[in-house]
Every structure is written in C-alpha cells, then in structure tokens.
Amino acid sequence: SGMMGRAAHAQDNDLQLNSWEEITTYNNYYEFGTRKNDPVENAHMLTTQPWSIEIDGMVENPGTYSLEDILSEVEIEERIYRLRCVEAWSMVVPWNGFELADLLTRVGVQDGARYVAFQTANRPEEMPGLRVPVLDWPYREGLRLDEAMHPLTIMATGIYGEPIPNQNGAPIRLVVPWKYGFKSIKSIVRITLTDEQPYASWNASQPREYGFYSNVNPNVDHPRWSQATERRVGGGLFARRIPTLMFNGYEEEVASLYEGMDLAEYF
Amino acid sequence: MASLGQMAAQSDMVQGLNAGLRRVPPWVLYLAGAGWAGWLFYLAATGGLGVEPIEALEHRYGELALQLIVVGLAVTPLRRHLGVNLMPFRRAIGVLTFFFVLAHFLVWAILDVQTLSAVWADILERPYVTIGMGGFLLLLPLAVTSNNWSVRKLGGAAWRRVHKLVYPAAVLGAVHYVWLAKGFQIEPLVYLGLILVLLALRSRPKATRLAR
C-alpha cells in the first residue's frame, strides 16, 4: 500500500514544494477565524494531547481510539500532494500520514456501509471562531466509502516530517488531494460509517456553491468565480495564474470512481 | 443627564478639536493616502503582507476604500450632531476613496485575474463583481468633478445632486463585500450596517425641515 500515491507524484517532477512558512501561515480554519492569518495566531489555544477519535456507526469494532493506539498500527509515510482550495489558490504540501483505508480495515467496515462521516473538534473555549455562526458547527465532512478507501486518501499527522501544526489540523486530519481543500477536514474527533450520504458543512450551508463531491474540476465554475485557473501560493505579487488540472492532477488515479456520472450535476 | 459643566467641557473639547483640524491643510491627506497606498504596495512586493500578497493587497485596498466611504459619509452627521467640523477634508476623503477603489480594481484586474477576457467575463457573469463594478462607475463622475472649476461650471445645486451618487455607490460597495464572503461573516455586515445608519441619519433632519 502507498505505492499508488508515490507513483502519482513521481510523475510530476515539476512539483515544487511550498515552504513551511507558506503552508503554516496561510490557512482556512474558520474555527480560529475567517482571515488567512487567524489560524496561525489563534490555533495555539487548541489542546491536542490527549487526543482520541470516536469511531462508530456501521463498524465491527466501534469505540474511542486514542491517537497513540491508532498510530501504533499504521506506517507513516510521506505524500507530496497538490492542495487546491475552492477559493482558487493552491499549494504543494509534503504530508506525513497513513492511508485511511488501513484504519477503516482495522475497525472493520460492515457490509451495508456506503459513506464515511467526519467531525472536527468543537471546543468554543479553545476555538474563538466558533462564537460566530459562519457555519452550523461542528464542522463536518463526508466521503463515499470507495473515495475513503482509495489509496490516495490519507490521514495526515505531519508536514515536512514535523508534527502537523495546529493551524493545519493537528493532531490528525484528512487529506483527499483530488478534492477542494475544505473536504480535507481537520482535527478529527469522530468518524462514522453510514449507509446514507452524510452531512457536509459547506454543502449544507450553500448547496448551489459547494457540492457533496467537490472534486477539483476546471470545467465547473463556482457560481461566484471561475475554477479554470489557480494562484500557486508563494509566487509573489506578480505570479502568473496556472491552469487548474482535472481532479487536481490525479485524474488517472481517481476518474474511474466517477465513471458515468455527470460531474456538472454531481459537482 | 450631562451637567452644564460637562456640556461646556465637551463643547470646549469640540472647539479645541476643530481648531486643531483647521491647522491641518487638506493636501496632508492626499499625501498620507498616496503614501499609504504606495507603502502597502511595497510591503506586498517584498513579503510584508504575507505569503499571498495579491489577495492581501486587493483586500487591503478594498477595505480602505470602504473605511474612507464610511468616514466620508460621517462628515455631515458629525458636524450636525456633534459639532465636529471635518468639512475642509471632505473632498480629499472622497477623492482618496475613489483612488483606493481604483487601486483595488487594478490589483484585481491586472495582478489577480490577469487576462482581459476573464476580467470582462467576471464583470458580466459574477453578480458580486458586477455590483462592485457598478459602485466604481458611480464614483467616476464624482472623481472627475471634484474640483472648484466643476463646482462653478455645474452650479452648486447640480454639483450636489451629482455627488449624491456616493450614496448608492456606498451601498453597492458594502453589498459587494457581504456577497463575496464565504459563510456568515460579521465584518462585511458591520460596514453595510454603518453605511445604512449614516444614510438614515441624513434623511431625518430633512423631514423636520419639510415639516417646518
């Protein structure tokens, strides 16, 4: 396992990593504020030790799993992925993490399960952004089971070999590189296997603007802006926009998941 | 209730403030505004506005324009209700507002969107861009006539009528900001609220004048 992820980025010799500063000072994490620099300023308030994830729903072994327990059974590897935000900026991030499939296999997915729901920590005393009802808190996201089991889908615990900083979703977050960034939910406290399409925060707040799938797609615009191009963070004031790639450049690996689906309807 | 002494002290304060303000020539504002815009651009070009300077500069210019709109709309209520006289600076505030809207537009069009066809498509297809553009166009005749020659040429009444375009322009600017925010956000609504309150403050004294 993991070979596919490595192969996916090995093809792109032009993938230049964003710097630690770029990755950790320009963040969307609305629980800490809506400005890009709010997370780096406020996220230190979040207590990340001890940490546990409640895994429930249609699984063989439901329960509260401590982070140490989860990490003791997986192998951490590096994955260099493009990150494409729905706001049309992007980065290249060297994540450290493990395949979500490994965790799901360990807890045992029941036969009828078709989706995976995720939830972010909801601690108003540690997350000042929760005072403002930007979204219906807590932040929630979801994947189809086959998306969750895909070898490109990882749970990240580090960046550049360092523990993942709070503003980037410490201590453990999802990374789904072919979807807009908001699908890659941060600071996960709960994972639920279900047979129904789960609640997804942005999708629920603006269904016209944010689909459940939210696959990166240069041909389907956000109603308020074009998704055809993106700004790679770190290029400075005079950086040229670059074309956005279908499925964020992971078309070869993931297009088969959506065969026969009208991606303009299921955006 | 305020005692007579307190009121006298307050009016002393206002008089002191007005006397101080009279000593400031309006060109100082133009200099400060141009200097501030240039300083922000310098910061953006040299990494001082963070790792994504295009968005940062675009937003800073846009926010400054909204803040100046609010200050400009506050000039008349401040004089009427508190006796603070910012009148000598009103033209400079207005011209600077236009200047920052223009800077905001140019950063958006040239540095952010980058291609003329995409700029044009955004203006036509994205409503929040369309109304932002609308606000900008409404300010154009104001900027062009912000000189003594135009006041004389148009006559005071007609000139004042033209400059009432700042009211719809202010509302469009604030709605533009509310519309582009993702999710429910407070700050854009604060600007819109301030602008609506400042506009409402204007309509009341007129009604009493009519009643008289």
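Chain A is the first sequence line, chain B the second, and so forth, proteins listed ahead of strands; every chain is numbered from 1. Worth saying up front: this structure is predicted, and the values here are computed from it rather than measured.
For Val113(B), the part lying near chain A is the backbone, with the side chain staying farther off; criterion is any non-hydrogen pair under 4.5 Å. Of the atoms belonging to Asn28(A), it is side-chain heavy atoms, and not backbone ones, that fall under 4.5 Å from chain B. Contacts of Gln206(A) with chain B are absent, with no heavy-atom separation under 4.5 Å from either backbone or side chain. Only the side chain of Arg35(A) has a heavy atom closer than 4.5 Å to any heavy atom of chain B. In this structure, no portion of Trp89(A) lies under 4.5 Å from any heavy atom of chain B. For chain A, the nearby part of Ala181(B) is the backbone; its heavy atoms alone come within less than 4.5 Å.
Counting heavy-atom neighbours within 6.0 Å of Arg79(B) CZ, excluding the residue itself, gives a total of 12 or less. Residue Glu196(A) qualifies as open at atom CD: its count of foreign heavy atoms under 6.0 Å is 12 or below.
By number of non-hydrogen pairs under 4.5 angstrom with chain B, the leading residue of Gly235(A), Ser226(A), Ser19(A), Ser205(A) is Ser226(A).
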field: Evaluation steps, side-chain contact (heavy atoms from CB on, under 4.5 Å), between Val134(A) and Lys182(B)
entry: CA-CA 8 Å; Val134(A) 181; Lys182(B) 275 169 65 206; over 6 Å; no
- request: Apply side-chain contact (heavy atoms from CB on, under 4.5 Å) to Phe238(A) and Leu111(B), showing your working.
  value: CA-CA 6 Å; Phe238(A) 307 103; Leu111(B) 298 178; 3.6 Å; yes
message: Would Phe41(B) and Leu237(A) count as a side-chain contact (heavy atoms from CB on, under 4.5 Å) here? Give the steps.
response: CA-CA 9 Å; Phe41(B) 192 89; Leu237(A) 190 55; 3.8 Å; yes
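For residues 208-224 of chain A, heavy-atom neighbours of chain B at less than 4.5 Å comprise Tyr210(A), Asp221(A), His222(A), Pro223(A), Arg224(A), sorted by residue number. Proximity to chain A among residues 48-55 of chain B is limited to Val51(B), Glu52(B), Pro53(B), Ile54(B), Glu55(B), judged by heavy-atom separations below 4.5 angstrom.
The closest donor-acceptor contact from the side chain of Gln114(B) to the backbone of Arg241(A) lies under 3.5 Å.
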